[in-house]
Every structure is written in C-alpha cells, then in structure tokens.
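Notes for the one structure printed next.
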Amino acid sequence: MSARYFYPVVVIILVLGAGWFCIAQVANKIAGRAPRVYASLQDQLVYEPSTDLSEVPEESSQSMHLYAVGDIMLSRTVADKMAKKGNDYPFSGMKDILQQADAVFANLECPITAGRHIEAEELSFRANPGVEELMADANISAVSLANNHSPNFGNDGLLDTISYLDAAGIASTGAGEDLDQAEQPALLTRNGITIAIVAYTWSSLVPASYGASDTQPGTAFMDIANMQSAVQRAQEMADYVFVSMHSGIEYTYTPTQQQIDFAHAAIDAGAELVIGHHPHVVQNIEAYKGKYILYSLGNFIFDQMWSQPTREGMLADIEIDSQEGVTGLDFVPVIIDDYARPRPATDKEAEPILERLQLDKVACPCTTQTADDA
C-alpha cells in the first residue's frame, strides 16, 4: 500500500479504537454503580453483576447495609417462652443474619420496665429489664417507640424504656419526655455515612394521653407538618433521612390512604425511604418520585400464632451509598415459630409473602433471599 493511503487508514483505525475504549470505560463504570438486575417474580428475581466488578476502578463512595425488621414484642407469651427456653430464644434463629448488617432498625412494640406478669390474652405489654442487652447483642441498633404500646405502663414505663435503651447503646426515636425529644432522630453512623430516622404513630390507635406535648411525655403522633419540619431538621444532621410510620389497619394487605398520604409527604419533604409497621402482616412496597416506601414489614418477634400471615414478616436489607442514597433492597422473608422465634422462610413459605410485596409492579433494585438460598 502506498504512503498516500497507508497513513489515513492508520489514523482512522486509531480514532475508532480510542472511541470504543472510551465507550467501554463508561459502560463499565455504569455497570459498577448498578450491579443488580431486576426481573418480575414470574421470571424469578435475580442478583448478578452485569460486569466483572473486579475490573471496575474503585470509586470514592462508601456504602452501609441497614437491616429493617418489623414489630418486636418481648412480652406475654414471648416472655413465657424466654423463661422456659432461655432469654436468647427469640433471637436465636436470626442473630447470625442480623449480625451481618452494619446496623439494624426495628419497631419495639413494648415498654421495658419492671412490673407484673403479663398474661397471654392481655393487650398491654411489658418486657423485663435486660431484654435491651439481648437486642444489642443481636445487633439491633435503633428502634422506633412511636407505636400504640410504648406508653402501656405510663410515663414512668416509657421513660424507663428510653433509659434502658440508652444504657445498652440502642438509639430510639418517636417518644420522649416531651414532643421535642420525641421528634429527635435516631442517628446511625457507619462507614462514614450517617442515617437519621424519625418515627411517628397514628393518633387514632391510642388515647390522647399517649401523645407527647411541650410538657407531657409520650409518643410523636402523625402530623404531616410536624413530620416534614422534623425531616428538614434531620437533614442538617445526616446524609439521609428515613421516616418510620406506625399506621394502617391491622391484618390487611393494602395500605390505607392515610398511610399513602403520610409516606408521600415524607418523600416530598426529602426523606430517602419510608418504613412502615403496625398492620402485623406484610404489605406492598411503592416507588414514589424515585424513592421507596415499605408500607408494612409485618411481625418479627410476636406471639400471634393464630394465623399464617401474622406468623410472617420481612427483613429488608437496605444498601445505602454515600453519594447516591438507597441503591439496593434485598428482602428476606421470615417465619415465626413457637410463638416467639423468627427464622428465614423456605422457598415455599416465602412465595405468598413475596407476592404481597408486589415487586412485579415496582421497578426497583430489588432481590430476595430465602432459607433455601443459604
């Protein structure tokens, strides 16, 4: 080939090669930021890297995994099982899993205070002092006290609970000696990322005396204006703000309009994620303005053995990136055995629980795990 044609051909080859190299680098970086692949439940949810992550250059962002679980009630028949089978019995089936998280968040559905024995049929709960150490040992790092049972043993019982949790190193939110304290967030800092969690409960569930005020201990009642102000204040303390809401109709699979409105308002105010409790069964998740709402995680430790759905719950593994917020949601369905002890569900047990999440209606970075995957 003459020099007249050789040099132009070489130049064209070099330009095309450089272009393909740049495209490949951009594709690798994008794949590295979004390694999860979502498919509908009918096609089975999968979790696989879309590229060899070992070849992706390290980025400056960090991540943390926060596990969120449902209602924890350590009273009534659960307490009786602990007395017979050992105090650690309720946590023994899930402790190894919980300890894999950077932090764990739950709804604590009982005050921790000294007092009388609680019978199986009672609707006022009380857990013995010392359970907070069991919770801390299971890596439960923060709890919501904004629910309809935290004040069951009065102001003293509520303030005892906060004191015991503080001594065990467990952050709490949603209740306090006054409304200002009740609206203070629980702060969790892991791997250079700080998450603030604020919590609220539906006032219709309880007597008015359960609500905190400027001069009265109690729980933070659901008020959209108050919540949005609390979210905005919490944004000054943390990288991301999560909102916990205790609301809805018990034993129903569909969120009420009140749940939906409150959760949407939380996202509108700047919340990164909303986590729901109270229905005692798993409800669906929703994507709203690019953020996610977990309307109810169901029970986690509870003695409601009278129906299959109340024996079911969900552990949500929430992956939080320091620069991009929530980048992954992994769901682990759980089953409660013997009135007290949750464990990972098998594939067969998990199927109806996962169906209630309605993941096929939500395009999200979601995966699922069951006991059969272990």
Side-chain angles (χ1 to χ4, degrees), residues 68 70-72 105-111 125 142-152 155 158 161-162 171-186 195-235 241-286 288-289 291-298:
D71 297 327
I72 292 180
F105 172 72
N107 174 60
L108 181 60
E109 192 89 6
C110 56
F125 304 152
V143 296
S144 168
L145 298 178
N147 57 62
N148 51 313
H149 289 287
S150 289
N152 279 172
N155 293 340
L158 180 65
T161 304
I162 296 170
S172 64
T173 185
E177 61 185 12
D178 55 30
L179 182 58
D180 180 68
Q181 185 183 38
E183 292 190 306
Q184 290 299 311
I195 302 301
I197 306 173
V198 294
Y200 290 85
T201 186
W202 190 14
S203 60
S204 297
L205 299 173
V206 294
S209 60
Y210 277 23
S213 70
D214 292 341
T215 58
Q216 169 73 26
T219 59
F221 282 170
M222 291 173 68
D223 177 278
I224 286 178
N226 284 356
M227 175 271 294
Q228 290 186 320
S229 295
V231 168
Q232 291 163 4
R233 291 194 300 271
Q235 287 178 314
V241 180
F242 291 2
V243 172
S244 171
M245 64 174 181
H246 199 78
S247 178
I249 305 300
E250 290 180 327
Y251 320 123
T252 61
Y253 303 149
T254 304
T256 64
Q257 192 61 48
Q258 192 244 16
Q259 285 172 274
I260 295 169
D261 291 345
F262 191 82
H264 286 187
I267 301 297
D268 290 340
E272 180 68 12
L273 184 78
V274 177
I275 303 170
H277 305 95
H278 177 63
H280 296 293
V281 295
V282 173
Q283 293 183 339
N284 63 286
I285 73 170
E286 179 190 5
Y288 174 73
K289 295 186 176 180
K291 309 299 180 182
Y292 299 100
I293 301 164
L294 316 180
Y295 278 107
S296 174
L297 295 177

Exercise. By ring pair (Phe, Tyr, Trp, His ring centres under 6.0 Å), which residues pair with Y288, not counting sequence neighbours?
Worked result: H264
Seminar exercise, completed: When rounded to the nearest 0.5 Å, the distance separating CG of N107 from CG of D71 is 4.5 Å
Exercise. Stepwise, does the side chain to side chain contact (heavy atoms under 4.5 Å, CB included) test hold for T201 with H278?
Worked result: CA-CA 9 Å; T201 186; H278 177 63; over 6 Å; no
Seminar exercise, completed: Correct closest heavy-atom pair for I72 and A106 would be CD1-CB, 3.6 Å
Exercise. How long is the span from the CZ atom in R233 to the CD atom in Q235, to the nearest 0.5 Å?
Worked result: 11.5 Å
Exercise. What's the spacing between Q283 CD and T256 OG1 if we round to 0.5 Å?
Worked result: 8.0 Å
Exercise. Measuring from Q259:CD to E286:CD, what's the distance to the nearest 0.5 Å?
Worked result: 11.0 Å
For this session: Start with the C-alpha distance between N226 and F221, add both sets of side-chain angles, then the distance that settles side chain to side chain contact (heavy atoms under 4.5 Å, CB included), and finish with yes or no.
Result: CA-CA 9 Å; N226 284 356; F221 282 170; over 6 Å; no
Exercise. How many angstroms lie between CD1 in I285 and CD1 in I293, if you round to the nearest 0.5 Å?
Worked result: 10.0 Å
Exercise. Can you find a pair of side-chain heavy atoms, one from V281 and one from S296, that are under 4.5 Å apart?
Worked result: no
For this session: Indicate yes or no: at least one non-hydrogen side-chain atom of I260 is less than 4.5 angstrom from one of Y295.
Result: yes
For this session: Using ring pair (Phe, Tyr, Trp, His ring centres under 6.0 Å) as the criterion, list what pairs up with H277, not counting sequence neighbours.
Result: none
Problem set entry | Minimum side-chain heavy-atom gap F105-S144 below 4.5 Å | yes
Problem set entry | Side chain to side chain, V198 and P185, heavy atoms closer than 4.5 Å | yes
Problem set entry | Closest approach of Q228 to A269 (non-hydrogen atoms, all atoms of both residues) | CG-CB, 3.6 Å
For this session: Return yes if some donor-acceptor pair links the side-chain N/O of S229 with the main-chain N/O of A225 below 3.5 Å, else return no.
Result: yes
Exercise. What closest approach, in Å, do P279 and I249 show between heavy atoms, and which atom pair accounts for it?
Worked result: CB-O, 3.7 Å
For this session: Measure the CG-OG distance between N148 and S247 for me, rounded to the nearest 0.5 Å.
Result: 10.5 Å
Exercise. With sequence neighbours excluded, what pairs up with S213 under the side chain to side chain contact (heavy atoms under 4.5 Å, CB included) test?
Worked result: T215, Q216
For this session: Please examine the side chains of T161 and L108, heavy atoms only from C-beta on, and report whether any two atoms are closer than 4.5 Å.
Result: yes
Problem set entry | Minimum heavy-atom distance A234-A196, with the two atoms named | CB-CB, 3.9 Å
For this session: Under the side chain to side chain contact (heavy atoms under 4.5 Å, CB included) rule, what do Y200 and F262 come out as? Steps first, then yes or no, please.
Result: CA-CA 10 Å; Y200 290 85; F262 191 82; 3.9 Å; yes
Problem set entry | Minimal non-hydrogen separation, V243 against A266, with atom names | CG2-CB, 3.9 Å
Exercise. Can any side-chain N or O of S172 pair as donor or acceptor with the backbone N or O of I162 at less than 3.5 Å?
Worked result: no
Exercise. Is V241 close to Q232 at the side-chain level, that is, under 4.5 Å between some pair of heavy atoms?
Worked result: no
Exercise. Do T219 and H246 come within less than 4.5 Å of each other through their side chains, counting heavy atoms only?
Worked result: no
Exercise. What's the shortest heavy-atom distance between A182 and G218, and which atoms?
Worked result: CB-O, 4.1 Å
Exercise. Looking just at side-chain N and O atoms, do N147 and Y210 make a donor-acceptor pair shorter than 3.5 Å?
Worked result: no
For this session: Answer yes or no: is there a side-chain heavy-atom contact under 4.5 Å between Y253 and N284?
Result: no
For this session: Decide yes or no on side chain to side chain contact (heavy atoms under 4.5 Å, CB included) for K289 and D268, but give the supporting numbers first.
Result: CA-CA 8 Å; K289 295 186 176 180; D268 290 340; 2.8 Å; yes
